[in-house]
2 protein chains.
Amino acid sequence: MTSVWLRPEPDRRRRQPQLSRESITVAAVGLLDAEGVDGLTMRRLAAALGVTSTALYWHVETRDDVLDLAVDHVFGAVPIPEKTEWRADARTLVRGWRRAMLDHPWAAALIGRPMLGPNVLARTEFLQEALSRGGLKDRELTVATRLLANYVIGAALTEATWRASSAADREAARRHVTAACPTLVASRHLAGPERDDDEIFERGLDVILR
Amino acid sequence: MTSVWLRPEPDRRRRQPQLSRESITVAAVGLLDAEGVDGLTMRRLAAALGVTSTALYWHVETRDDVLDLAVDHVFGAVPIPEKTEWRADARTLVRGWRRAMLDHPWAAALIGRPMLGPNVLARTEFLQEALSRGGLKDRELTVATRLLANYVIGAALTEATWRASSAADREAARRHVTAACPTLVASRHLAGPERDDDEIFERGLDVILR
DNA sequence: ACCTGAACACCGTTCAAGT
DNA sequence: ACCTGAACACCGTTCAAGT
């Protein structure tokens with residue numbers, strides 16, 4: 001199934017329809033924040049919008065479309081910084097990127113769909129531009145951009161997953177891993193308190209941006 | 001819902017049951033390879049095993065359990081290399097890790113569940129051990145391990161997603177991005193031919209392991 | 001153009017019952 | 001201990017019909 005971004009938006013020249021892609025997207029993000037991915041149902045989403053579930057299909061082709069829209073919406077909240085020094089710019093962007101995904105833990109798991117939304121693309125482009133200001137080009141530029149992007153994605157995904165599970169589960173997981181391989185737990189391989197994770201993430205950036 | 005790995009396996013002291021966690025896992029991986037995540041249905045899985053769908057619930061608590069088992073099974077295929085020089089060891093492991101996820105593109109998207117399976121843990125532990133042989137310890141060791149692990153996860157996720165989509169969709173995506181932000185496409189931000197991606201991934205490793 | 005209502009073909013999961 | 005069968009409460013999506 002092709003992604004939303006590759007298909008033209010339906011004509012909309014009438015006035016005051018009850019629904020719009022925008023309103024659907026916002027409602028979807030709300031539901032996802034509250035209930036998680038499995039909680040987002042076309043019927044529940046419709047109910048939240050005061051409409052029949054089937055009405056959504058005039059604005060959107062599938063449930064996956066809704067998820068694509070929601071993910072891109074979250075990326076829209078990542079601030080694109082004023083340009084200063086290139087390292088600082090790249091750092092700020094990537095930091096905001098990670099923050100956004102931690103604020104909406106369901107989003108990280110959905111990156112397993114092509115990220116072609118306008119907000120995602122704009123952020124990626126900014127990142128690449130910052131790195132090119134740092135003197136990188138051609139192959140080096142590609143490598144660096146992907147390295148950074150993949151690092152945030154991976155970090156956000158694992159951290160978001162960890163935090164999305166209940167405290168009880170986290171405790172159980174810790175005991176499980178302690179029993180299975182003690183060296184891992186001793187070195188804090190499992191995510192710990194937030195401040196700690198933030199620190200570790202930043203040190204990773206240091207290595208990359210050295 | 002707590003993950004499979006945190007709950008005891010049901011007693012099994014009778015002889016010759018038709019089903020086992022092992023057989024279920026293998027069948028699940030087969031189905032996932034053939035049909036993707038949405039194609040894995042408890043009913044279809046049961047049919048593939050010549051059994052009623054409800055029979056699965058004696059061996060497994062939920063469909064998510066099946067997914068956890070399948071992911072860990074895939075990790076079992078990642079070779080743990082003989083120990084030689086630490087950099088080479090880390091590289092070999094991570095390379096195999098990426099390969100495994102590219103061979104089973106559905107797996108990458110499922111990492112949004114705590115990775116606590118025995119096979120995953122063993123690989124992570126090997127990676128950390130290799131890095132510690134390289135002289136890293138404490139905070140530095142944690143940072144490096146997570147950096148590497150998150151890089152593979154991110155890279156595998158984006159690449160697997162890209163390859164899982166049809167050739168037509170990829171072409172459409174390329175045109176879409178070309179129109180939206182030409183600089184990105186010129187620099188091969190979108191994944192290209194396989195050899196190219198392999199190369200780019202390895203250069204990223206160079207940076208990290210420098 | 002935009003939304004409703006009824007309907008189709010599925011789901012995951014529970015539970016009593018069989019062997 | 002392990003599996004079947006019937007049943008429940010949902011799903012996503014289609015499509016004719018309304019306005």
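Owing to the predicted nature of the structure, the values given are computational and were not obtained by experimental measurement.
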Pair B:Asp33-B:His104, side-chain donor/acceptor within less than 3.5 Å = yes
Atom CE of B:Met42 and atom P of D:dA9 are separated, to the nearest Å, by 20 Å
5'-most contact on DNA chain C (nearest-nucleotide basis), B:Arg43 vs A:Thr54, goes to A:Thr54
Please give, in whole Å, the distance from C:dA1 C1' to A:Gln18 CD?
-> 12 Å
B:Pro17 has a side chain; which of D:dC2, C:dT4, D:dG12 sits nearest to it?
-> D:dC2
Once you round it to whole Å, what is the distance between P of C:dG12 and CG of B:Leu67?
-> 10 Å
Can you check the A:Tyr57 OH to C:dA7 C1' distance for me, whole Å?
-> 14 Å
Rounded to whole angstroms, how far apart are NE2 on A:His59 and P on D:dT13?
-> 16 Å
C:dG12 base to B:Thr62 side chain: any donor-acceptor pair below 3.5 Å?
-> no
Does B:Glu129 come within less than 4.0 Å of B:Arg123, counting only side-chain N to carboxylate O?
-> no
In whole angstroms, how far is the P atom of C:dC11 from the CZ atom of B:Arg44?
-> 6 Å
Think B:Thr41 has a side-chain N or O under 4.0 angstrom from the OP1 or OP2 of C:dC11?
-> yes
With B:Phe201, which of B:Asp197, B:Asp198, B:Leu205 fulfils side-chain contact (heavy atoms from CB on, under 4.5 Å)?
-> B:Leu205
Which sits closer to the 5' end of DNA chain C, B:Leu40 or A:Ser53, going by the nucleotide each is nearest to?
-> A:Ser53
Does C:dG5 have a Watson-Crick or wobble mate here (both distances under 3.5 Å), and if so which one?
-> D:dC15
All heavy atoms of B:Ile153 vs all of A:Gly154, minimum pair found to be CG2-CA, 4.1 Å
Starting at atom CG of A:Leu45, determine the distance to atom C1' of D:dC10, rounded to an integer number of angstrom.
-> 17 Å
May I ask you to decide whether B:Glu171 forms a salt bridge with B:Arg175, counting only side-chain N to carboxylate O separations under 4.0 Å?
-> yes
Could you check how far CH2 of B:Trp58 sits from C1' of D:dC2, rounded to whole Å?
-> 6 Å
